[in-house]
Amino acid sequence: MSTETQTEDVGQRGIVERLRASPFLSELLSNRLAVAGLTIIFAMVAIALYSRLFVDLGSVTQSQIGTNPNLAPPSWLSKKTAITGEYGTFAYPFGTDIQSRDIFSRVLYGTWLAMKYGTITVGASTLLGVGLGILAAYYGDITDNVIMRTMDVLLAFPSLLLALALVAIFGTGLWKVVIALTLVYTPRFARVVRGAALKVLEDEYIEATEALGAKDPRVIVRHILPNCLAPITVQSTLNFGLAIIDLAALSFLGFGAEAGTPSWGLMLSNGVKNGLLTGDWWWSFFPGLFLAITVLGFNLLGDGMRDALDPRMRETVD
Amino acid sequence: MISKRFVIKRLLLLVPVLFGVATFVFAILHLAPGDPARVIAGQRASEEFVRQVRTELGLNDPIWVQYGRFLLEAVQLEFGNSYQIQKGTPVKQILRYKLPVTLEMALYGQFLGILFGIPVGLLGAIKQDAISDHVTRIGALAGISVPIYWSGPLLILLFAQVLGWFPASGRIASTFDINPITGVITFDTLVRGNFAAFESAAMHLFLPAAVIGIYSMALISRMMRSSMLEVIRQDYMRTARAKGQGSKITILKHGFRNALIPVVTVIGIQFGTLLGGAVLTETVFGIAGIGTLLVSAIQVGDYPVVQGTVLMFAGLFTLVNLLVDVTYSYLDPRIEQ
Amino acid sequence: MRSGDSTDSDYSPRGEEASGGDRTRDDSPTPRERARQLGRALLLGAMLAAIAVPILVASGESVRFASEKVFAVGALVFGFSLLGWSGSVFAGRGMENFQRHIGGRSDWSEADSRRAMTVLGSVGVGGMLGASLATMVVGSVV
């Protein structure tokens, strides 16, 4: 890798080069746990895309009673599958639920839903947080104080209870839950961005640019945003896991996905309420397993990223 | 060391807290879609009847009049009667029996979390980068990654379904009929001297408390580890070691108390998360506490119950943090009150 | 008793790198400045609400609906700031110490937080007042 040629062209260095030149990436890649997290995330994204393209939405949302065996255990576990009569096949690797739907396909499709709504939630709160954080850092004084203390108070609320309060205002449904969680997560990003932006603003070169008459937006886009990128990425990664957990939690409580949607939270809810005490454990086990693995992936990567960042940033991102 | 004045001042702060929560809840109730009069009257009630209910509730008054009345009632902790969940029952009375249920579960869970979290974190800090450290760190990360609504069912599956050691849900075996005194079931059964019932209640409590405990243990041990490492790195520790005052024992003696300070703060702040988690834990284990009460009240639009429950949550959170504050002054005498 | 008794004037910015050079609120404002600040916040809230009510009515909602929702938004802000204010006083000392412990790079301070919450609360109260006044005016016109 020729870092030499890239550093020559300092003025034109893009984000990718910056990352490559910094010790960040190499340190990250030497962290085995972070690499494991990255692998998990890649696998889950692949599963999400696969299921979006190839899993038939009708077969995972509508009742399949009559077509599939009802509440069949994972087929490789049962001695005889109800339909084919063969031993140890993989017809229903995760079993079927009370409406005879194949849990395997549902869990796969749930990966797509989790990734989709997780991305939207985290993306939206990143945007809001970047806006508020830069606003606070740029204008300083009372604007800064009111914005950031408000964010602090919001942060002090337990996220699930705050989300419940917002859901009570907005009403229920997956999109409303996404809006509620977006607002819940915004303070984290605002804090990180403000911290990073302040550091940039302190630097002399900004003052120099300002003296040369650069207008506000240019300063922000050219100097502040690129410098916030690393902490934002770490925060987004850590937050992604939380978003998946909270999205599923609100569906679990009955505020999110509507009946029939193959979302992990809803599957867990039905499986726990109706299947756990009757011994149909697979109904809730597999959605939860996928959820936990995905979240673990994001947490491992986020943790590794935080460690790879320089120590000053380590304190900002939290 | 902890003056009475200090505690009283803190307790007085409960007034703006509850005033704030009441205003907050008032706002939420009036921003929420849906008509409370319709909820009370029922879906099939005639338009005329709904109008009548609306007048009775004072919903036709100007909003600022409603706000004033709402505050007056909230100050007297008068939340009115339940619209739907236990129609006509005063919210106060409902809370009286639901609150101890949640509190009992949360406190046992928190206790388990502290009991295991602190030693695990300490061990990680002292034997930094040993295998045990890595194992506990990954374990803690996994503890945070696994949501309560999955770890709960897993425990039920293993300990209730497969092994049959603990019951899967509820608070006590249905064969016992305990007349509540405080509502804290492990306490009531003991006071009444019914040890068989106590055993049953304790067995029922174990799994939910363990689930909460695992989660808070993960957080506490992580904080304990980093805080202890921080203390070890500090100068006076190095000096102490240079003076040859042992090493491990010095660390424990001097460092532990200092390292506990941020951990105690985390425990206080995290209690809110724990109450939020109680909503899920109660759902998983079929326990009728204020968590499940809140969820169903929001679902059906039973606003007086929502209001009472949220005020309860806020009050509890404040009280726990008062305790944290007191502990704090005890741990760090340098902080003058 | 640090957190309970400290008035705004005894607030001194923690030097170091706290919140960035000249951007720190170096000198705490005089009471008059603060009153003016609160007045402005009150006015801002009142104006926002007074604009919002007629807009909602013009967009076809009933006066009752507009009044209720706008007032409630004001109350939401007010209630939130009350919680934030008491929370700052309550957890203030703990948080400040906590941050000193974990490295002190964050710039949270109890006095700052309380000040921000009073400004926010004024906006909320202004909103509630503005909504009420606007309702009376709009109600008498419509």
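Below, read A as the first sequence line, B as the second, and so on, with proteins coming before strands; counting in each chain starts at 1.
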Colleague: Any chance you could measure Thr150(A), atom OG1, to Phe80(C), atom CZ, to the nearest 0.5 Å?
Modeller: 5.5 Å
Colleague: About how many Å separate CZ of Arg114(C) and CZ of Arg149(A), when rounded to the nearest 0.5 Å?
Modeller: 13.0 Å
Colleague: Can you tell me which portion of Leu154(A) sits under 4.5 Å from chain C's heavy atoms? Options are side chain, backbone, both or neither.
Modeller: both
